[in-house]
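Comments concern the structure below.
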Amino acid sequence: EGAEAASFLGAKMSGVGYRPAEHGLPKYFMAMLDDDDRNAKYSAAIASCIAEFKAAHGRAPVVLDVGIGTGMLSALCLLHGCKHVTGVDINETMAALAKQALAEQDPSGKRHRVLVVPRKQLSASARFDMLVSEILGTLTTSESMHKFLSVYMPHIRSFSVKGEPHAVYMIPRRTVQYFAVRAFSRSDMGDSLSCALDAAMTSSETVQRLVPTNEGGLGLNLHM
């Protein structure tokens, strides 16, 4: 499975779809890390999920963090009592920052590890009780969360919980995307924007499938 996952990642990232940065610190990370309300919501959700798992199974969960970034979600998992957390990321800069952050939370290094993928992969037998991730972007699908998480789902255990035979412990559990429909006359938009919209709406990518705005296809400003 490890070799298959590496091959899958390589194939997906070589295409025209969303490709995570392999180096550097994206500027928008700063605004996210400075968002106290957002961080508090993630902290409460992770604490609740770990507590729910402990109550149901009598032990602390082993966690996988996909797209570890600066390590905030993994640090929250350690803070709220997980047994161990493994974080994976394609960005070497992020992985290095995460290692520093988690070393402060777990100086012994016995409760965490960080892998740079696809250079290093999970072993085929690796299994986890809980999944945390923030591969979302400004739109639910804009960072291709469904594509990248599918690589790791074979490593996530399912449980029988509250009558649900194949329940999975994960944060987030669901996402809600809000949108509005707007109508503009061609005279208001002008020739240039009208042509750009025509091209975007008739492209092969748009016709064949849902295309998140930062994956190509509908390459227009969101406010338009």
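Atom CG of Asp191 sits in a sparse spot, with 12 or fewer heavy atoms from other residues, nucleotides or ligands closer than 6.0 Å. Met30 CE: 12 or fewer foreign heavy atoms inside a 6.0 Å radius.
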Stepwise side-chain contact (heavy atoms from CB on, under 4.5 Å) check, Phe53 with Val63: CA-CA 11 Å; Phe53 184 92; Val63 182; over 6 Å; no
For the pair His84 and Asp129, evaluate side-chain contact (heavy atoms from CB on, under 4.5 Å) and give the outcome as yes or no after the intermediate values. CA-CA 10 Å; His84 187 277; Asp129 303 312; over 6 Å; no
Could you give me the CA-CA distance, side-chain angles and deciding distance for Cys82 and Met130, then say whether side-chain contact (heavy atoms from CB on, under 4.5 Å) is met? CA-CA 9 Å; Cys82 75; Met130 177 176 161; over 6 Å; no
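Considering CG of Leu78 and CD of Gln105, their distance stands at 5.5 Å, rounded to 0.5 Å. Note that the CG atom of Leu64 and the NE2 atom of His155 stand 8.0 Å from one another [nearest 0.5 Å]. In this structure, NE2 on His23 lies 14.0 Å from CG on Leu25, to the nearest 0.5 angstrom. In this structure, Leu149 CG and Glu143 CD are separated by 11.0 Å, a value rounded to the nearest 0.5 Å. Taking CG from Leu76 and CD1 from Ile46, the interatomic distance works out to 4.5 Å, rounded to the nearest 0.5 Å. The structure places CE of Met72 at 7.0 Å from OH of Tyr42, a figure rounded to the nearest 0.5 Å.
The main-chain N or O of Leu33 is found under 3.5 Å from a side-chain atom of Asn39 such that the two form a donor-acceptor pair. Within the 3.5 Å criterion, the main-chain N or O of Met94 finds no donor-acceptor partner in the side chain of Asp89. A side-chain donor-acceptor contact under 3.5 Å links Ser133 to the backbone of Val66. At least one donor-acceptor pair under 3.5 Å links the side chain of Ser150 to the backbone N or O of Lys147.
Smallest separation of non-hydrogen atoms from Ala95 and Val116: CB-CG2, 3.5 Å. Closest approach of Asp65 to Ser74, counting heavy atoms only: OD2-OG, 2.8 Å. Of all heavy-atom pairs spanning Phe29 and Gly69, the tightest one is CE2-CA, 4.2 Å. Across every non-hydrogen atom of Ser144 and Ile135, the tightest pair is C-CG2, 4.5 Å. For the residue pair Leu131 and Met153, the shortest heavy atom distance occurs at CD2-SD, 4.0 Å. Heavy-atom minimum distance, Ala21 versus Ile90: O-CG2, 3.9 Å.
Ring pair Phe159/His57 is tilted by interplanar angle, where 30° to 60° counts as tilted.
Here the side chains of Leu73 and Ile171 are not in contact, with every heavy-atom distance at 4.5 Å or above. Between Lys83 and Arg59, the closest side-chain pair of non-hydrogen atoms is not below 4.5 Å. Phe184 is not listed as a side-chain neighbour of Leu193, based on a closest heavy-atom distance of 4.5 Å or more. Counting heavy atoms from C-beta outward, Arg113 and Lys120 have side chains that stay 4.5 Å or more apart.
Taking 4.0 Å as the cut-off between side-chain N and carboxylate O, Glu52 and Arg173 count as a salt-bridged pair.
A donor and an acceptor atom, one from each side chain of Ser43 and His80, are located under 3.5 Å apart.
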